[in-house]
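Below is one structure, written out as structure tokens, with a few remarks after it.
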Amino acid sequence: MRLYDIDLPSRLLLGTAQYPSPQVLTAAIAASGAAVITVSLRREAARAAGAGSGFWSLLQASGARLLPNTAGCHTAREAVTTAQMAREVFGTSWIKLEVIGHADTLQPDPFALVEAARILCAEGFQVFPYTTEDLIVAERLLDAGCRVLMPWGAPIGSGQGLRHAEALVSLRRYLPQVPLIIDAGLGAPSQAARAMELGFDAVLLNTAVAKAGDPVAMAHAFGQAVAAGRIGYEAGLMPPRDMAVPSTPVLGLADLNLGGRP
Amino acid sequence: MITILGAGVAGLCVATTLAERGLPVALVDSGPVHGGASWLAGGMIAPWVEGETAAPEVARLGANAADWWAARVPGVARRGSLVVAPDRDRAELDRFAARTSGHRRLEADGIAGLEGDLAGRFASGLFYAGEAHLDPRAALVALADGLRQRGVAIRSQTRLAPEQADIDCRGIAARADLPGLRAVRGEMLLLHCPGVTLTRPIRLLHPRFPVYVVPRGKGIYMIGATMLESDDPGPITLRSAMELMSAAFTLHPGFAEATILETASGLRPAFADNLPRIVRAGGRWHLNGLYRHGFLTAPALAAQLADQFARAEQEAAHAD
């Protein structure tokens with residue numbers, strides 16, 4: 001998979017929040033095979049994230065590529081400032097752009113999102129916008145300069161899977177060339193596999209792994225599910241049919257009634 | 001004389017344990033008499049609730065903590081602790097129940113029976129009857145007083161080269177000497193709210209960090225604590241203060257009338273697995289990495305350290 005001219009060996013992107021410990025987190029990253037991990041930056045962390053500060057060096061040591069995010073930002077301005085700080089701190093111009101429109105549902109604010117995306121793209125950022133399945137918003141984000149889109153599966157942390165699968169599928173059809181990453185709302189490996197089977201390029205998740213009883217095992221499960229779903233998609237899935245279709249011929253069956261009734 | 005560096009909960013527990021075994025100890029701290037992360041602790045002795053995220057080792061270390069504290073400091077309350085979630089976050093409560101033991105499920109009337117002021121506020125909760133809480137500040141003062149009564153010198157505002165100490169319990173200040181030790185920032189509020197009566201720690205499940213309200217008596221409540229991967233020691237941020245306040249308000253709207261006595265932030269020392277360690281480094285013993293479990297694990301760790309210390313002294317004596 002290629003995102004902003006970087007080839008990545010895995011189609012799973014993993015969030016790094018809410019793990020029981022950094023040790024479990026690094027083991028989960030390894031078990032998932034994720035090549036990209038997201039990190040959220042808060043101001044107090046930005047002030048302190050100097051060389052040798054423990055958590056950041058652990059993340060950097062994981063070998064995965066860092067995708068800083070603007071989690072928790074509610075305005076375009078706040079998100080732009082956070083992105084600028086993240087570029088300084090992490091030394092990458094990749095940014096997962098998240099502008100929350102509603103404190104309760106954490107759904108993206110598409111207006112502020114497009115505004116912030118335009119500013120950041122102009123400043124040379126490679127923007128990964130967290131958006132809805134809305135096609136018009138997607139087109140505006142592409143106009144703003146985004147080359148990757150991250151439509152949601154369901155509200156953040158809800159574990160509901162693909163809540164509007166039909167709309168996501170039509171987004172996929174309309175934008176066949178744009179890398180689309182299902183971000184947020186996935187609760188089970190089967191849901192991640194389904195997203196991949198529908199032709200999405202990758203999935204990004206956090207809570208389902210971090211809050212699992214065994215985060216490392218769950219990370220492994222998601223890694224396998226994402227790989228399986230992608231292989232299934234590439235192999236060409238059979239379309240559902242209304243009627244049963246036998247997989248073996250019905251004609252020419254051997255007559256097993258020999259010597260039975262006269 | 002055994003010199004112990006750091007007069008937080010780890011240093012005080014180690015000094016107390018050694019002094020109780022008849023060994024001569026002295027305690028030195030570079031800061032004020034009481035300060036640092038321990039001064040801001042919640043003071044919950046909650047081995048089962050902490051089991052949601054902590055390794056089983058933490059619960060093992062904390063199994064006898066309440067007894068240890070009750071024998072030495074006043075005000076250890078064995079009233080259990082309560083975990084509640086807003087009704088719409090019931091799934092979060094189910095998840096918490098599945099991840100922990102030592103609880104029993106309560107419905108609305110069960111919650112009201114335990115904490116009258118929560119009547120009608122939550123449909124479901126978890127009661128951990130075996131847990132306890134204490135006022136960490138009173139406990140630290142009592143340990144220090146107990147040591148002084150035994151003739152132990154406690155020198156605050158005193159800088160001592162770490163190499164001159166025998167046992168190092170400085171918490172995050174020892175980071176330069178302990179590779180892998182990191183800071184986890186925590187922020188807390190102290191409120192005065194005589195209009196609300198709660199008698200045991202209440203944890204409100206929150207998507208980002210566990211928010212708890214711990215009664216300190218006389219209408220005083222501690223609200224804590226944020227968990228940030230940051231070594232910024234600066235004052236509480238507005239966002240954190242708002243999150244803590246809104247958690248208190250969600251628990252009981254009467255907290256709107258509370259006065260804010262104090263806001264504070266501190267740095268918890270933690271290793272990558274968030275488990276405490278006793279290590280020998282730089283010619284001295286270190287007890288560090290107690291993370292958010294200082295009052296829960298320090299007594300058992302102090303005993304382990306005292307044992308190891310005695311064994312090493314014995315071996316050194318034989319070697320002579």
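The analysis underlying the following values was restricted to heavy atoms, covering all of them including side chains, and did not include hydrogens, waters or symmetry mates. Computed from a predicted structure; not experimentally measured.
With a 6.0 Å radius and a threshold of 12 heavy atoms from other residues, nucleotides or ligands, B/R105 has its CZ atom above the threshold. The number of heavy-atom neighbours closer than 6.0 Å to OH of A/Y4, taken from other residues, nucleotides and ligands shown, is above 12. Heavy atoms from other residues, nucleotides or ligands lying under 6.0 Å from CZ of B/R104 number 12 at most.
Once rounded to the nearest 0.5 Å, the distance linking NZ of A/K211 with CD of B/E52 reads 5.0 Å. Taking CZ of B/R182 as the start and CG of A/L58 as the end, the distance is 7.0 Å to the nearest 0.5 Å.
Closest non-hydrogen pair, A/P22 versus B/A272, comes out as CD-O, 3.0 Å.
The side-chain hydrogen bond (donor to acceptor under 3.5 Å, both in side chains) check on B/R60 picks up B/E57, with sequence neighbours excluded.
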